[in-house]
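Remember, it's a predicted structure, so these values are computed and weren't measured experimentally. Below, chain A is the first sequence line, B the second, and so on; all start at residue 1.
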2 protein chains.
Amino acid sequence: MTTRHSRDDVVATALDLLDEHGLADLTMRRLAAALDVQASALYWHVPNKQSLLALVADRILERARPVEHDLDWPERVRAESGALRDALLAYRDGAEVVSSTIALGLGASAAWVRLLEATATSDATVDERELAASVLLEFIVGHVFREQQQSHADALGAAAPDRALDRDPDGGRVFSFGVDLIVDGFRARVGARA
Amino acid sequence: MTTRHSRDDVVATALDLLDEHGLADLTMRRLAAALDVQASALYWHVPNKQSLLALVADRILERARPVEHDLDWPERVRAESGALRDALLAYRDGAEVVSSTIALGLGASAAWVRLLEATATSDATVDERELAASVLLEFIVGHVFREQQQSHADALGAAAPDRALDRDPDGGRVFSFGVDLIVDGFRARVGARA
DNA sequence: ACCTGAACACCGTTCAAGT
DNA sequence: ACCTGAACACCGTTCAAGT
């Protein structure tokens, strides 16, 4: 009679909690409380916290808006990169969650494939395109991680005196400059062959 | 009579512990034990764990080997990037520690300045050079973070099935490809003006 | 199939008090 | 100047047992 839960409930509630209170407050015990359940009950749905976070990360990246396929490749790379950034920004600490699971082979392959496909119409080799997809994904996640950390630190009113990277108040200049450099570098490399 | 400690002792021991057992095992209580002291004693030397980690991060980056200043700027950027990567790789979980403190305005300004200076002889504006330094630093830290996470995961014998980014067994191809793309993109942008 | 209750082995941090 | 001892308010995870 009482509300019993599915794994999807658990992940969805975790996502809510993440967005409302941040990763530091997303504990198994708080999640259990939000579901009106004992903490131990979660371990029926999920083997451990790390797997839970991987499912949350997948959910975050899944929500990245689709991008038109009939753009030329530089435009498409820029659009995919922007879509991924927006997806990470859509949830509090989204980049940190994704970043902490990305290397474990648990998530992010879909995002990587999108970036790989984006260069399909370039003259690059598959090897070059794979490398470029990795570079882009690492830059995007690394950048948004930093963006979100910074706004978190600012929210605490830390008033840091000597912030090396705090030259990006609008939060997007470094990002688009970075994507542009990578795209231009890729074009230079490929164009040198044509 | 008994060994009393300085803040430098505490940071140095934290660095040792980090390298031997990783960030997850670098707890205040374990650090205290390594210093033969109660955990509460650490709070005389340091206001909290986060500040401790920031000091550790600074220590890691300080050890980056110096690079010749009379290279042309693309070579110098590559050399500085490599030196930073090596510094992060020199300690277990080095990139994670640096990454977690970089946005708090606590560390990494020295590293950023090194990357900024590296483009001094290019024809770029200061604004462009600052943006490029940020892009490089974010890529470097993000990349090494992923590298170290991956070797950690591999050490656990996780045998992940579908690892999107696991195309970099030698651990350096994605890195140098990324730095090259950024450098080439920067050159294209600057060269278009000359 | 899904959950409780109790326990285990931990955390970071504070604070009065000691030397 | 540097540290102890005790406490507070937490963690993730396991496991027998319940329904």
Side-chain angles (χ1 to χ4, degrees), chain A residues 1-18 20-57 92-93 96-97 100-101 104 106 149 152-153 156-158, chain B residues 1-18 20-57 92-93 96-97 100-101 104 106 149 152-153 156-158:
Chain A
M1 268 306 95
T2 49
T3 347
R4 288 174 107 80
H5 300 287
S6 69
R7 176 195 274 229
D8 267 12
D9 290 342
V10 172
V11 177
T13 306
L15 204 49
D16 287 352
L17 235 58
L18 175 71
E20 271 173 57
H21 300 105
L23 184 56
D25 285 349
L26 176 49
T27 67
M28 297 301 266
R29 294 173 117 105
R30 273 157 134 95
L31 175 55
L35 289 160
D36 265 312
V37 122
Q38 295 297 116
S40 52
L42 299 176
Y43 292 84
W44 193 90
H45 298 283
V46 120
N48 51 48
K49 189 179 183 180
Q50 192 169 213
S51 318
L52 202 233
L53 289 180
L55 294 170
V56 170
R92 169 116 83 124
D93 295 331
E96 186 169 359
V97 174
S100 72
T101 56
L104 307 171
L106 296 167
Q149 252 187 180
H152 189 265
L156 292 180
Chain B
M1 269 306 95
T2 48
T3 347
R4 287 175 108 77
H5 299 287
S6 70
R7 178 196 272 231
D8 267 12
D9 290 342
V10 172
V11 177
T13 305
L15 205 48
D16 287 351
L17 235 59
L18 176 71
E20 270 173 58
H21 301 107
L23 184 56
D25 285 350
L26 176 49
T27 69
M28 296 302 265
R29 295 173 118 104
R30 272 156 134 96
L31 176 55
L35 289 160
D36 264 313
V37 123
Q38 295 299 114
S40 51
L42 299 176
Y43 291 84
W44 193 89
H45 298 283
V46 121
N48 51 48
K49 189 178 182 180
Q50 192 168 213
S51 318
L52 203 232
L53 289 180
L55 294 170
V56 170
R92 169 118 82 126
D93 294 332
E96 185 169 1
V97 173
S100 72
T101 57
L104 307 171
L106 297 168
Q149 251 186 178
H152 189 266
L156 292 179

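- The structure places OG1 of B/T13 at 10.0 Å from CG of B/D8, a figure rounded to the nearest 0.5 Å.
- Few gaps surround NE2 on B/H5; more than 12 heavy atoms of other groups in view lie less than 6.0 Å from it.
- The shortest heavy-atom contact between A/L53 and A/V97 is O-CG1, 3.6 Å.
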Pairing annotation in dot-bracket form, given for DNA chain C with Watson-Crick or G-U pairs under 3.5 Å and | for cross-strand partners | ||.|||||...|||||.||

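- A straight line from CG of B/L42 to P of D/dG5 spans 15 Å, rounded to a whole angstrom.
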Can you give me the N/O atom pairs linking the protein to nucleotides 16-19 of chain D at distances under 3.5 Å, or say none if there are none?
none

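- Proximity of A/T101 to A/V56: side-chain heavy atoms (C-beta onward) are nowhere separated by under 4.5 Å.
- Remark: A/R7 CZ to A/L52 CG distance equals 9.0 Å, nearest 0.5 Å.
- In this structure B/D9 satisfies the salt bridge (Lys or Arg N to Asp or Glu O under 4.0 Å) test with no other residue, sequence neighbours excluded.
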Table of protein N/O atoms under 3.5 Å from nucleotides 10-14 of chain C N/O atoms:
residue : atom : partner : partner atom : Å
C/dC11  : OP1  : B/T27   : OG1          : 3.3
C/dC11  : OP1  : B/R30   : NH1          : 3.1
C/dG12  : OP1  : B/M28   : N            : 3.2
C/dG12  : OP1  : B/K49   : NZ           : 2.9
C/dG12  : OP2  : B/M28   : N            : 3.0
C/dG12  : N7   : B/R29   : NH1          : 2.5
C/dG12  : O6   : B/R29   : NH1          : 2.9
C/dT13  : OP2  : B/Y43   : OH           : 2.7
C/dT13  : OP2  : B/K49   : N            : 2.9
C/dT13  : O5'  : B/Y43   : OH           : 3.3

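- Rounded to a whole angstrom, the distance from the P atom of D/dA17 to that of C/dC2 is 22 Å.
- Going from the C1' atom of D/dC10 to that of C/dA9 covers 13 Å, rounded to whole Å.
- If you take CH2 of B/W44 and P of D/dA1, they are 6 Å apart, rounded to a whole angstrom.
- Close to C/dA1, at under 4.0 Å from its OP1 or OP2, lies no side-chain N or O of A/H45.
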Name each donor-acceptor pair under 3.5 Å that joins a side chain in residues 30-48 of chain B to protein atoms two or more places apart or in another chain, with its distance.
residue : atom : partner : partner atom : Å
B/R30   : NE   : B/D25   : O            : 3.3
B/N48   : OD1  : B/Q50   : N            : 3.3
B/N48   : OD1  : B/S51   : N            : 3.0
B/N48   : OD1  : B/S51   : OG           : 2.8

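- Within the model, atoms CG of B/L15 and CD of B/E20 stand 10.5 Å from one another, a figure rounded to the nearest 0.5 Å.
- A/D16 pairs by the side chain to side chain donor-acceptor pair (under 3.5 Å) definition with nothing, not counting sequence neighbours.
- Nucleotide C/dC2 holds its C1' atom 10 Å from the NE2 atom of A/H5, rounded to whole Å.
- Between B/E96 atom CD and B/L18 atom CG the span is 9.5 Å, to the nearest 0.5 Å.
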